[in-house]
Amino acid sequence: MAPFELVAPATPDEAIAELGALGASDAVPLAGGTDLLFDLDDGRLAPRRVVSLRRLPWQTLDWNGPILTVGSTLPLRRLETDPEVRTRLPGLYTAVRAVGSVALRHQATLGGNLGRSAPASDLVPMLLALDAEIDLVGPQGARTVPVDQFVIGSRRTALRPAELIRSVRFPEPRPSAYLWQRVRPFRDISQMAVAVAYSPARARWRVAVAGFPPRPLLVPEVEDALGPVLPPARSDLDRGAHVLSTRAPIVGDKRASEAYRRQIVRPLLERAVRRASGEKAGS
Amino acid sequence: MSGGRLRLSVNGRPTELADVPPEERLLDTVRWRLGLKGTKEGCRTGECGACTVLRDGHAVLSCLLLARDADGAAITTIEGVRSDPVGERVRAAFESAGALQCGYCTPGFVMALTGLLREAGRSTPLDELLEDLGGNLCRCTGYSTIVRAARAAREGLP
């Protein structure tokens with residue numbers, strides 16, 4: 001690991017200034033560190049300065065009516081143990097618990113997961129299905145970006161130089177579910193994952209798939225096929241699963257072949273929709 | 001944090017260290033600077049849980065934590081677990097159940113379970129508690145006695 005300077009500013013303005021004083025590859029933000037440290041160890045990143053965000057006042061979780069706002073540096077474990085998250089955004093609860101172990105989730109953060117945007121992220125697909133919005137703050141001020149415009153590729157985001165993720169907003173409680181296929185069920189990387197959520201306000205299903213490069217993505221054709229109601233008609237669910245399996249831009253990589261993924265995604269979608277609809281997952 | 005200074009409370013004792021490099025992991029600080037060798041290095045990639053310690057009462061992976069990013073925290077290692085009533089209960093449950101074979105994973109399991117039971121007491125259903133213990137690996141596969149110890153430690157809570 002190349003030597004670097006570690007700073008821990010107390011305010012967002014100071015953090016932005018610490019990052020902005022150096023180029024993007026010379027200064028990197030540190031949240032939980034559970035992903036970043038690997039890149040520092042093997043030299044994929046060799047910054048001169050690491051800016052720890054741990055002292056920023058962003059370890060927050062606020063419900064304002066139907067809207068949930070999660071501070072970017074809140075440890076995932078605190079998101080998972082909020083009783084209202086579990087009942088009002090059950091898919092988010094499940095997706096958070098799919099990340100690492102309890103001890104890892106006491107360190108890892110939602111902002112870190114988004115900022116690092118690993119192609120196999122278990123959180124990004126659920127955020128897509130929940131229409132999460134990302135609040136950013138940087139040298140040019142604050143702006144908000146929908147998550148599907150924020151994660152733009154493998155390890156690539158819409159973050160501008162010295163910009164930070166301040167919080168993530170979820171617009172409404174949604175019946176939702178997250179299911180995955182892995183070699184080992186826990187503490188492994190998903191070969192294929194499906195996030196579904198039903199928006200009562202829009203009378204529409206949202207469906208995202210993940211686990212393959214370059215990034216998790218929404219599949220609007222499947223949402224169209226599922227129709228406007230919860231639970232969907234059996235024939236609509238069949239059609240949605242068929243459309244997802246045959247038309248989604250699924251590819252193969254070292255973790256699973258394209259053919260395997262196209263086959264496994266069918267039952268994953270069917271079970272996820274049934275679970276979001278309040279039925280026990282069928283086999 | 002200038003001069004690599006690091007202030008921690010370690011097992012209840014105020015501890016001040018100088019010249020701690022930014023890249024040093026808390027695991028190495030605890031084992032090599034403080035000589036607390038009960039905390040084990042397993043995978044060093046956050047997969048096995050052997051290096052679990054408590055930071056401000058919550059289980060964390062000391063191999064994935066920059067020591068200086070823990071500045072100001074209260075750290076509890078296996079050496080200090082008996083001063084926590086829940087920790088002592090867990091330790092005693094592992095002893096009674098004979099929940100160890102080679103023993104390498106044991107400190108991590110004890111700290112992880114202590115953290116979980118401190119957080120939720122008996123309110124976590126047993127199956128969820130055991131799922132939450134899944135971040136710790138036992139290469140001897142001695143899980144049945146570990147599960148027995150976890151169940152006993154949980155039952156004994158108020």
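Keep in mind that what you see is a predicted model, and the values were worked out from it rather than measured. The chains referred to below are lettered A, B, ... by the order of the sequence lines, with proteins before strands, and numbering in each begins at 1.
Judged purely by atom type and a 3.5 angstrom limit, A/Gln107 has no side-chain atom pairing as donor or acceptor with the backbone of B/Val60.
Contact tally against chain B (heavy-atom pairs below 4.5 Å) for A/Ala103, A/Gly32, A/Ser101: the top residue is A/Ala103.
How far CZ of A/Arg77 is from CG of B/Leu116: 6.0 Å, rounded to the nearest 0.5 Å. To the nearest 0.5 Å, atom CD of residue A/Glu80 and atom CG of residue B/Asp132 are 6.5 Å apart. Taken to the nearest 0.5 Å, the CZ atom of A/Arg97 stands 4.5 Å off from the CD atom of B/Glu128.
Using a 4.5 Å cut-off between heavy atoms, B/Glu131 touches chain A through backbone and side chain atoms alike. In this structure, the portions of B/Leu65 lying under 4.5 Å from any heavy atom of chain A include both its backbone and its side chain. No part of A/Leu36 comes within reach of chain B, as not one of its non-hydrogen atoms sits under 4.5 angstrom from that chain. In this structure, chain B has no heavy atom under 4.5 Å from any part of A/Arg55.
In this structure, B/Leu66 and A/Leu30 have side chains that are in contact, with non-hydrogen atoms separated by less than 4.5 Å.
At a threshold of 4.0 Å, the pair B/Glu119-A/Arg105 does not count as salt-bridged, since none of the basic side-chain nitrogens sits closer than that to a carboxylate oxygen.
The shortest non-hydrogen separation linking B/Thr45 to A/Phe38 is O-CZ, 3.3 Å.
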Go through A/Leu6 and B/Glu24 one step at a time and tell me if the side chain to side chain contact (heavy atoms under 4.5 Å, CB included) criterion holds. CA-CA 11 Å; A/Leu6 180 68; B/Glu24 183 169 307; over 6 Å; no

As a quick check of understanding, evaluate side chain to side chain contact (heavy atoms under 4.5 Å, CB included) for A/Arg54 and B/Asp71, giving each step before the final call. CA-CA 10 Å; A/Arg54 75 185 151 86; B/Asp71 191 46; 3.8 Å; yes

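Heavy-atom contacts from other residues, nucleotides or ligands closer than 6.0 Å to CZ of B/Arg122 number more than 12.
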